[in-house]
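Sequence positions, counted from 1, serve as the residue numbers for this chain. Values below: every heavy atom of this structure, side chains too, minus hydrogens, waters and symmetry copies.
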Amino acid sequence: MRVAVDVMGGDHRPTAPVAGAVAALASDPELEVLLVGPAETVAAALAEARPAARRASRLRVVPAPEVVEPGESPVDAVRSKRGSSIVVGLDLCRRGEADAFVSAGNTGALTAGSVLLWHRIAGVDRPAMPAVLPTVDGRGLVFLDVGAGTDATPTNLCDFAVMGSLYAERARGIGHPRVALLNVGTEEQKGTGVAKEAFARLQAAPVRFVGHVEGRDLFSDRADVVVTNGFVGNVVLKTIEGLGIGLSQVLGRELRHSGFWTLLGAALAARTLRRVRRRLDYSEVGGVPFLGVRGVCVKCHGSSNAKALANGILSAAAVARGGVVAEIERALGALAPGSAAPARGPSLAGGATEGATAGA
């Protein structure tokens, strides 16, 4: 399994991507990592990371002298900077020299590059980017789209449901994932015209559709996959991130002004608090893939540290090994006009919905 890593992506480049790659190699003995970036920069970061000989043998440097910066026009950057770490990394996958690409860099450039170099999966009008939200049962919720686009038609939402269900099942190990549509109420006739039409389409889609959920249900165990358009999804995601930061700051301020017994109680509960913090930590997931393109491109948070990037690399390997792209192609191919209607069921990869992938 070969994963290309953008050494020049993110706020902590090049140190965090290189250190994350070294850490990922320790977790996966079958993994090979291609470090993509300016040769001298990568060499300096490797010297700092000091990988053991056994890990170093599974590292390869792929020179890419140019860098796509955060504020650049995505399409212009992809077209004009052919030697950038993003374009070179995506091209490695296109040529079959890597199985997946991981970057904490410019999201727009990654989206544009993956579409321009890899193309969309047949039948996909709009790719989607999922996020994994923490839930009370600890399994996590696949929530999409969170920013690959803004608007979405009923057909797009149905595609998101199919892609999100396959990602949850094949890469995250969630059997028979339950899929829901985000809305302002749980009743079938709630919401906009787009939501009502999407509800009807999802009832006939090859997913385990459980109806509508509201925003307050996102952390519950009512669904494993929730779909919405990219505008709403991005606002929800950033609201959650801001709430988490705010609560941490309020808790820290209150503890600093608390008495002895409160501080003692906090010390006794420290282990539990660390477990909760780990469950809410984005770095545990690492990164999420663009769904709907013909390749595995995992986007990590721009502020990702080495731990987050290591988990992003391992996530990319899991998506590639799980055959998520091929399964999406088969499932959406069965939904294309003129195809036989796929059988409904709780799983797209299991025998319960064999009709959904017939002929694969």
#### Entry: Contact summary for N183 and A195, nearest pair of heavy atoms
ND2-CB, 3.8 Å
### Summary
Residues V36 and A64: closest non-hydrogen pair is CG1-CB, 3.7 Å
### Message
Closer than 4.0 angstrom, basic N to acidic O: yes or no for E66 and R82?
### Response
no
### Task
Starting from the C-alpha separation in whole Å, work towards a yes-or-no answer on side-chain hydrogen bond (donor to acceptor under 3.5 Å, both in side chains) for S220 and D217.
CA-CA 5 Å; S220 71; D217 299 317; 4.5 Å; no
### Query
Are D224 and R139 within salt-bridge range, i.e. N to O under 4.0 Å?
yes
### Task
Using distance alone, with no hydrogens and no angle criterion, decide if D6 and S85 have a side-chain donor and acceptor under 3.5 Å apart.
yes
### Query
Would you call R58 and D28 a salt bridge, taking side-chain N to carboxylate O under 4.0 Å as the test?
no
#### Entry: Closest non-hydrogen atom pair, A168 against V142
CB-CG2, 3.9 Å
### Query
Does a salt bridge link E69 with R13, judged by any charged N lying under 4.0 Å from a carboxylate O?
yes
### Task
Salt-bridge test for E329 and R294: reply yes if a basic N is under 4.0 Å from a carboxylate O, no otherwise.
yes
### Chi angles and distances behind the side-chain contact (heavy atoms from CB on, under 4.5 Å) call for V226, L218
CA-CA 8 Å; V226 172; L218 293 176; 4.0 Å; yes
### Query
Side chain of N305, backbone of A308: donor and acceptor closer than 3.5 Å?
yes
### Atom pair CG/CG of D125 and L332 - distance to nearest 0.5 Å
11.5 Å
### Message
If you define the side chain from C-beta out and look only at heavy atoms, does anything of V115 sit under 4.5 Å from R120?
### Response
yes
### Task
Taking the side chain as every heavy atom from C-beta outward, state whether V296 and V325 have any atom pair closer than 4.5 Å.
yes
### Message
Quick one about N311 and K307 (side-chain donor to acceptor, distance below 3.5 Å, no hydrogens or angles considered), yes or no?
### Response
no
### Message
Measuring only between side-chain heavy atoms, which start at C-beta, is V298 closer than 4.5 Å to V288?
### Response
no
### Minimum heavy-atom distance between V293 and W118, given as atom pair plus value
CG2-CE3, 3.9 Å
### Query
L31 and I313: side-chain contact (heavy atoms from CB on, under 4.5 Å), yes or no, with the steps?
CA-CA 9 Å; L31 182 67; I313 293 167; 3.8 Å; yes
### Under 3.5 Å: donor-acceptor pair, side chain of D99, backbone of V3
no
#### Entry: Spatial distance of atom CZ (R126) from atom OG1 (T153) [nearest 0.5 Å]
7.0 Å
### Task
Look up atom CG in N106 and atom NZ in K299, then write down how far apart they are to the nearest 0.5 Å.
8.5 Å
#### Entry: P177 to R208 - nearest heavy-atom pair and separation
O-CB, 3.4 Å
### Side-chain (D159) to main-chain (N156) donor-acceptor, under 3.5 angstrom
no
### Task
Please report the C-alpha distance between L157 and L181 in whole Å, then the side-chain angles of each, then the deciding distance to 0.1 Å, and finally whether the side-chain contact (heavy atoms from CB on, under 4.5 Å) criterion is met.
CA-CA 8 Å; L157 292 171; L181 181 66; 4.2 Å; yes
### Query
Can E327 and R170 be counted as an ion pair, charged N to O under 4.0 angstrom?
yes
### Query
Which is it for R222 and H212 under the side-chain contact (heavy atoms from CB on, under 4.5 Å) test, yes or no, and what are the steps along the way?
CA-CA 10 Å; R222 291 195 56 192; H212 289 143; over 6 Å; no
